[in-house]
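Whatever order the structure lists them in is the order used to number ligands and atoms, beginning at 1. From a predicted model like this one, the values you see are computed outputs, not experimental measurements.
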Amino acid sequence: MEMFIDGEWRAATSGRSFDILDKSTGVVIDAVPRGSLEDAQIALIAASDAFPAWSRSDPSERSALLRGIASGLRASLSDFASIISAEVGRPMAGCTREVERCADLLDYFADEGDRLFEAWRTSDSESAFVLRQPVGVVVAITPFNMPLTLMIMKVGAALVAGCTVVGKPAEDSPLSTLKLADLAKEAGLPRGVLNVVTGFGAEIGQALVSNPIPAKIAFTGGTAAGRAIAREAVGQMKRLTLELGGQSPAIVCEDADLATAAKAVVRHGFANSGQLCYRVARVLVHEAVADKFTAQMVAETRKLIVGSAHDPQSDLGPVVGERILLAAERHVADARRKGARLLFGGKRLTGGAYDAGCYFAPTILADCTPDMLVMQEEAFSPVIGVQIVTSDEEALEIANGTAFGLAAFVFTADRERAMRLVRDLDAGSVWINDIQRSRHDMPFGGFKMSGLGREKSAHGIEAYLELKTVYFPQ
Ligand code: NAD
């Protein structure tokens, strides 16, 4: 596929491209342009030219266009799901749910946009009022793991607010975002309002961020890239939303429903083969139930089938590349050297169909301690570390003892105890006694090094608006 700039499909000005692989089979499924500084500039100018008309359009027209894109997504659900399944390596069932939820998210932004603009219009006083104006051109940069969702979280909110966008999907999985641009064109989005460029982060990503045109950078990805982007953006006072890494803890108290907790921790900790920002990465379990709980975790993990994303039997597919395998191996080796016990997995899966992709067995390490990498650093892989704790205070100290603060999970039968833990946890979202999907009408984002600002919900739309206070004579 080519890049989508100013309503047209284009190759890179350099003429260069790179291959996109099916992560389960290693087969090349497409090639996309390797965009660079010139392409970033062309796309940003297109977005800047489109901004005046789009920003002044009636919010209800913008919402109607988003609903059009949502219905286009529903009409081509299986096409989108197949693309994501191949480019990321996730089994189809999860990808189908991702596309359905993306359509719902666009509808949510459309409805919420209508509601917010109406509420703001009627809340002004006689002598002063607040105008909400779109910030300007937005650069939206996304990671590989949930390619459509994370782009739509930005694009949906930005478009409904009246901003124009240049999107830059990850180099591993750009195809679903390019296809989204195609849908937007079909739905009637004016040219230049949504542009999608492709290339490697360090080249075109940096070129987009350092360019003076965008007023806002919305970024989801690793904390290292997020810090580099923040430094550049703050120097130009660009608005920023950063959704970064996580190392999220689950606290399992001695009074918890252990069967439910084990199922939830295993399902969520290994979801998308561990390539999920707010997955359970660490378990802090009370000593009284530690053996029983880890046995239940192992029993749940044993049920998981790891295989090609194209096999309907597979629960977990491959990871996206060698770098994730290396990170997982590093964490396992470090933990074992420091005294952890390997309860399950711990290695690459090889032989037969496994040799066509990068597969890692879901892995549980027990007797972990806070000095182990698995308890501190994000590996973005299917490895969970389990540590025994003797009190809630100790659990909290360890839970909060990393640089991250994206999510946390609490399992206890005592609601007051749960609320005390919730109050003291450094986390942007906390789930109690089960782990269901995050809601579109609730904010999502992190404390500490897990990010800045929130996406989704009304807060997610406000992040694309400037406030202008206007006074009349009294
Ligand atoms: P990554 O940071 O390597 O890349 C993310 C995106 O940034 C890619 O599009 C990449 O090309 C681009 N990029 C990289 N360096 C850049 C730079 N200097 N300037 C501009 N763009 C640059 O992340 P990844 O490996 O694709 O994804 C995994 C990471 O994403 C994990 O850390 C995970 O926790 C995080 N993530 C966070 C959330 C969240 O909501 N907090 C959601 C999903 C993933």
Can we say R348 and E322 salt-bridge, meaning some charged N sits less than 4.0 Å from an Asp/Glu carboxylate O?
yes
Enumerate the ring-ring contact (aromatic ring centres under 6.0 Å, His included) contacts for residues 163-187, please, sequence neighbours excluded, ordered by first and then second residue.
none
D426 backbone acceptor or donor facing K448 side chain under 3.5 Å:
no
Closest to atom 16 (C) of ligand 1 (heavy atoms only, candidates G245, G246, G201) is G201
Check each atom of ligand 1 against the heavy atoms of P143 and keep those under 4.0 Å away; list them by number with element.
5 (C), 24 (P), 26 (O), 27 (O), 30 (O), 43 (C), 44 (C)
Where does L244 meet ligand 1, judged by heavy-atom distances below 4.0 Å: at the side chain, the backbone, both, or neither?
backbone
Any side-chain donor paired with an acceptor under 3.5 Å for K154 and T220?
yes
At less than 4.0 angstrom from any non-hydrogen atom of I229, what atoms of ligand 1 do you find?
19 (N), 20 (C), 21 (N)
Any side-chain donor-acceptor pair under 3.5 Å between H310 and D22?
yes
Atom 2 (O) of ligand 1 - nearest protein heavy atom and its distance:
G222 N, 2.8 Å
Is it the case that ligand 1 has an N or O less than 3.5 angstrom from some N or O of G199?
no
Atoms in ligand 1 flagged as close to R323, the criterion being non-hydrogen separation under 4.0 Å:
25 (O)
Ion pair present between E87 and K23, side-chain N to carboxylate O less than 4.0 angstrom?
no
Side chain, backbone, both or neither: which part of M146 comes within less than 4.0 Å of ligand 1 when only heavy atoms are counted?
neither
Numbered in order shown, the ligand 1 atoms found under 4.0 Å of a heavy atom of P169 are 9 (O)
Nearest 0.5 Å, please: how far is CD1 in I251 from CZ in F411?
10.5 Å
Which residue holds the protein heavy atom closest to atom 15 (N) of ligand 1, what is that atom called, and what is the gap in Å?
A225 CB, 3.6 Å
Give yes or no for whether the N/O distance cutoff of 3.5 Å, strictly under, is met between T142 and ligand 1.
yes
Kindly confirm or rule out an N or O of F144 lying under 3.5 angstrom from an N or O of ligand 1.
yes
Sub-4.0 Å atoms of ligand 1 with respect to non-hydrogen atoms of F444
40 (O)
Can you check whether E171 has an N/O within less than 3.5 Å of an N/O in ligand 1?
yes
Please write down residue, atom name and distance for the protein heavy atom closest to atom 44 (C) of ligand 1.
N145 OD1, 3.5 Å
Among all protein heavy atoms, pick the one closest to atom 7 (O) of ligand 1 and tell me residue, atom and distance.
F219 CE1, 3.1 Å
Atoms in ligand 1 with a heavy atom of L150 nearer than 4.0 Å:
42 (C), 43 (C)
Mode of Y278 contact toward ligand 1 - side chain, backbone, both, neither (heavy atoms, under 4.0 Å)
neither
For atom 42 (C) of ligand 1, what's the nearest protein heavy atom and its distance?
C277 SG, 3.0 Å
With backbone taken as N, CA, C and O and side chain as the heavy atoms from C-beta onward, which portion of A224 lies under 4.0 Å from ligand 1: side chain, backbone, both, or neither?
neither
Under the criterion side-chain contact (heavy atoms from CB on, under 4.5 Å), which of T142, T198, I141 is the partner of K168?
I141
Give me the residue, atom name and distance of the protein heavy atom closest to atom 20 (C) of ligand 1.
G205 C, 3.3 Å
What atoms of ligand 1 come closer than 4.0 angstrom to any heavy atom of L406?
41 (N)
May I ask you to check whether Q275 and S273 show a side-chain donor-acceptor distance below 3.5 Å?
no
Where is the nearest protein heavy atom to atom 34 (O) of ligand 1: which residue, which atom, and how far?
E378 OE2, 2.5 Å
Would you mind running through ligand 1 and noting each atom that sits below 4.0 Å from a heavy atom of T220?
5 (C), 36 (N), 37 (C), 38 (C), 39 (C), 40 (O), 42 (C), 43 (C), 44 (C)
Are R239 and E466 ion-paired here, with the side-chain N under 4.0 Å from a carboxylate O?
yes
D367/K338 ion pair, N-O < 4.0 Å
no
Any N or O of K168 closer than 3.5 Å to N or O of ligand 1
yes
Is it the case that the side chains of T149 and E98 hold a donor-acceptor pair, with the cut-off being a distance below 3.5 Å and no angle test?
yes
Just need the protein heavy atom nearest to atom 28 (C) of ligand 1, so name the residue and atom and give the distance.
F380 CE2, 3.5 Å
Sub-4.0 Å protein heavy atom near atom 4 (O) of ligand 1
no
Do NZ/NE/NH1/NH2 and the carboxylate oxygens of R97 and E100 come within less than 4.0 Å?
no
Residue selection (non-hydrogen contact nearest atom 19 (N) of ligand 1) among R279, E203, Q206
Q206
Establish, from distance only, whether the side-chain atoms of K456 and S438 form a donor-acceptor pair under 3.5 Å.
yes
Across all chains, not counting sequence neighbours, the salt bridge (charged side-chain N to carboxylate O under 4.0 Å, His left out) partners of R191 are D6, E8
Candidates Y359, F270, F360 - the one meeting side-chain contact (heavy atoms from CB on, under 4.5 Å) with L316
F270
